[in-house]
Amino acid sequence: MYDKDNIFAKIIRGDLPCNKIYEDELVFSFYDIHPKAKVHALVVPKLEVVNFTDFTLKSTPNQISDFFTKSSYIANNILKLASFKILTNNGKESGQEVFHFHIHILS
Ligand code: AMP
């Protein structure tokens, strides 16, 4: 069940501050508050989906394509990372703490 008051929903709405990297009508990106690498960015879709599984089941092919294309643009063209890792925790047992789907970009 999606909680509209999760931390990332509040960040997208502007109810909580963040160190923003990119925003458009479908995607929001900001720096992780507890970085686990020299560069640690998060990318979230502006959709009410709790994790990767939920995102892929409930989103359209265009929404899924847009999310990953923008994530690549953020890593390559905005952050200008030559080498990076992308990661998503899918479910509490995997380490997911915030239940709004997001990917981590680590470099
Ligand atoms: P996950 O464990 O995959 O759900 O990742 C959640 C991430 O969100 C963690 O790396 C946290 O450090 C990060 N995080 C939690 N609260 C905030 C916040 N207010 N601003 C930015 N990042 C946050």
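For ligands, and for the atoms within them, numbers begin at 1 and follow the listed sequence.
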Practice task
Considering only NZ, NE, NH1 and NH2 on the basic side and carboxylate oxygens on the acidic side, decide whether K4 and E48 come within less than 4.0 Å.
Solution key: yes
Exercise for the section: Determine, using heavy atoms of L16 and all atoms of ligand 1, whether some pair is separated by less than 4.0 Å. Expected result: no
Problem - Atoms in ligand 1 with a heavy atom of Y31 nearer than 4.0 Å - result: 21 (C)
Fill in the blank from the handout: Atoms of ligand 1 under 4.0 Å from any heavy atom of K36, numbered from 1 in the order shown, are 9 (C), 10 (O), 12 (O)
Completion exercise
Quick look: F8 vs ligand 1, heavy-atom contacts under 4.0 Å, and the answer is side chain
Exercise for the section: Using a strict cut-off of less than 4.0 Å between a Lys/Arg side-chain nitrogen and an Asp/Glu carboxylate oxygen, indicate whether D3 and K10 qualify as a salt bridge. Expected result: no
Practice task
Give, for atom CD1 of I11 and atom NE2 of H100, the distance between the pair rounded to the nearest 0.5 Å.
Solution key: 10.0 Å
Fill in the blank from the handout: Checking heavy atoms under 4.0 Å, the part of I33 that sits near ligand 1 is both
Problem - Per atom 9 (C) of ligand 1, closest listed option by heavy atom (N51, D32, L42, I11) - result: D32
Practice task
Provide the closest heavy-atom pair for N76 versus L81 in the form atom of the first, atom of the second, distance.
Solution key: OD1-O, 3.9 Å
Exercise for the section: Indicate yes or no for a side-chain donor-acceptor contact from S107 to the backbone of S83 under 3.5 Å, with no hydrogens or angles considered. Expected result: yes
Practice task
Could you tell me whether F99 approaches ligand 1 through its side chain, its backbone, both or neither, with non-hydrogen atoms closer than 4.0 Å?
Solution key: neither
Fill in the blank from the handout: One finds that the ligand 1 atoms under 4.0 Å from a non-hydrogen atom of N89 are 1 (P), 2 (O), 3 (O)
Problem - Cluster link I21 to V98, ILVMFWY, side chain under 4.5 Å - result: no
